[in-house]
*Asks:* 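Sending over a structure as structure tokens; questions will come in a sec.
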Amino acid sequence: MSALPNSSAPTIVRYPESVESVIQRIEACLRAGDYPFTKRSVAILALYNDTEILESIERQEGSETLAKIRKWVEESNATGVPPSYLVVEARQNTATEIAKETITKTSASRNRVSEYLGRLCTHPFWGFPILLLVLYFGLYQFVGVFGAGTLVGWVEEDIFGKVVNPWVISLFERFNAPQWLNELFVGEYGVWTLGVTYAVALILPIIATFFIAFSILEDSGYLPRLSLLVDRIFKRIGLNGRGVIPIVLGFGCDTMATIVTRILESKRERVIATFLLSLCIPCSAQLAVVAGLLATQKVIVIGPGISIPTLLVIWGLIMTMVFLLSGFLAAKITPGRTAPFYMELPPIRLPSFANVFAKTFARMQWYFLEVFPLFIVASVVIWMGQMPFGWALLLAWIGFAIVKRWGWFGRLLGSGYGFFIGLAISAFSHGYTPFQAAITALRPLVNVLLLPIESAEVFLFGFFRRDYGAAGLDKLVSEHSLTPPQMLVIAVTITLFLPCIAQFLVVRKERGLGMAVGMLAFTLFFATLVGALLARILMTTGWLA
Amino acid sequence: MKCGYCGYEFRIEEAEKGCEKCGSFGGCNLVKCPKCEYEQPKIPEWINRLTDWLKKKQIKVKQ
């Protein structure tokens, strides 16, 4: 590699004094001349901790010089803002100055309103009222009131409740289907009456409105501005503006968002984001169903067309507090520092109808294809759990899972062994099914939350899928007329409760079994604690009764 | 395709490189932006054709 002569060209970029002095000190240390760039460039790359350059310095100048350089870089890091960030900032400023001097903008190419709106969205003060407006109209009015109220009322009650379901049930009656088949398809937890009805009549209208609102936000260029707005707050919880991507995606599906945490720079950020996603970020269906249910309770009208849904606001405040507090504590406990965040902002624009339509359709197709089969599987599993022979199937599956490493013979042996033990349990259980056993196991939880025993089903369903549990919540509220405090307690607890099976498996894959089990145990404990405290506070004070 | 987060325009083939790193079980039908790694669903071809047709029609009406 031949050395390039050290350039004596004037330096265009003016770095801050603290950075410039380190650059000059490093430059003065570089006595050998066999570098691919000028000494100044080598010094700047050393500031970035560029491995290749540091190795080259060590080779040519010796390890003592390298140690000296590392010490200077560390010292400049300790000032708070990393020198690499200051270098980028100075270059950006110089580029802007050059652009100002050389580029002429015609007035037609500038959209003053969009620029003004864009600046307002990231303003440290005005940005937050704008965020509240977005949440009020996007989440409460459109998803909560229109989607979960009007649309679900129409599809679930009028179409499915009065026309489709009675017709399907009459079809089974007409063909005199056996009892077990009736239970499987049109029973209380049947494939049609529960799985298909939840997926099509309840989740689909809510999720459609949510995805429309989300696509509008996405297409308008608001999301990167939200990253900038919350960057400072996110730094307090160990993340930075970039952390908005997995958190926002978590409002769609926490499982996918857990995989997306890979984009975060350090392991510390990835652990914190995974923890927050498991604990307090509801997935789209859960968020939409909870918002829809709470939006209609204890609404205070404060003016023409303006109302405050008290329960929804309290739920939102509790979730925000839990998010910030647990993030803050996680950042304190987890060692390391937060990485700096900078990004290029796309212009703010009026969402295009075609884009919003295309994105909403694609998202709905993705969600429905993923959800529909799982809802059917969950219905069949629940049906099996309700059958006396459910023990045999359950233990056969456990046996299969335990010895799956032993090859096909081991699997066959394990599942066969489990099946026969299950049959023996079925014979002596006097009709006591696995479903009843699971509900009994959850009884202490619902007792401590001061909730009716029927709500145990919601927690059980929620572990299959968060949205399945949320759909069960809707049924529970309509059939057992919960009081507003009970609704708030169950909404808070189910949001903080265990992640679904899929999310647990992804956390195990990404962060290891120890951390996955630890997070699972913590969320179970924390959700119960917060729910129990809230229930007692509401009962003692009589608020919201 | 245009990223819904950072606005970067990219080809699907470019985005597929991001899938190599992913540990998910596959078949998620999501596209990862090569610049910021934001994920969004793949838009079906017939929707793309329909939106192109709508845009052309809109331009004609404006003219």
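None of these values were measured; they are calculated from a predicted model. Throughout, protein chains are lettered first and strands after them, A, B, ... in sequence-line order, and every chain is numbered starting at 1.
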*Asks:* Quick check for you: to the nearest 0.5 Å, what is the distance between B:Met1 atom CE and A:Lys359 atom NZ?
*Replies:*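 Rounded to the nearest 0.5 Å, the CE-NZ separation comes to 7.5 Å.
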*Asks:* Run the side-chain hydrogen bond (donor to acceptor under 3.5 Å, both in side chains) test against B:Lys35 and tell me which residues pass, sequence neighbours left out.
*Replies:*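 Expected list: none.
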*Asks:* Please flag which part of B:Trp46 lies under 4.5 Å from any non-hydrogen atom of chain A: side chain, backbone, both or neither.
*Replies:*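 It is the side chain, since no backbone atom gets that close.
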*Asks:* If you tally heavy-atom pairs under 4.5 Å against chain A, which of B:Gly7, B:Gly4, B:Cys36 wins?
*Replies:*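 It is B:Gly4.
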*Asks:* Got more than 12 heavy atoms from elsewhere within 6.0 Å of CZ, A:Arg508?
*Replies:*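 Counting other residues, nucleotides and ligands, CZ of A:Arg508 stays at 12 neighbours or fewer.
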*Asks:* If I measure from the heavy atoms of chain B, does A:Phe214 come under 4.5 Å with its side chain, its backbone, both, or neither?
*Replies:*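 Side chain only.
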*Asks:* For chain B, find which of A:Leu217, A:Asn355, A:Ile245 contributes the most heavy-atom pairs closer than 4.5 angstrom.
*Replies:*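 Most heavy-atom pairs under 4.5 Å with chain B: A:Ile245.
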*Asks:* To the nearest 0.5 angstrom, please state how far the OH atom of B:Tyr5 sits from the CG atom of A:Leu226.
*Replies:*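 Rounded to the nearest 0.5 Å, the OH-CG separation comes to 8.0 Å.
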*Asks:* Mind ranking A:Pro347, A:Pro224, A:Ser227 by heavy-atom pairs under 4.5 Å with chain B and telling me who comes out on top?
*Replies:*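 Highest number of pairs under 4.5 Å: A:Pro224.
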*Asks:* Enter the distance from A:Leu223:CG to B:Cys6:SG here, rounded to the nearest 0.5 Å.
*Replies:*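 Rounded to the nearest 0.5 Å, the CG-SG separation comes to 11.0 Å.
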*Asks:* Just verifying a value: how many Å separate B:Lys42 NZ and A:Gln365 CD, rounded to the nearest 0.5 Å?
*Replies:*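 B:Lys42 atom NZ to A:Gln365 atom CD measures 11.0 Å (nearest 0.5 Å).
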*Asks:* Taking every non-hydrogen pair under 4.5 Å, which of A:Phe353, A:Tyr222, A:Phe361 racks up the most with chain B?
*Replies:*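 Most heavy-atom pairs under 4.5 Å with chain B: A:Phe361.
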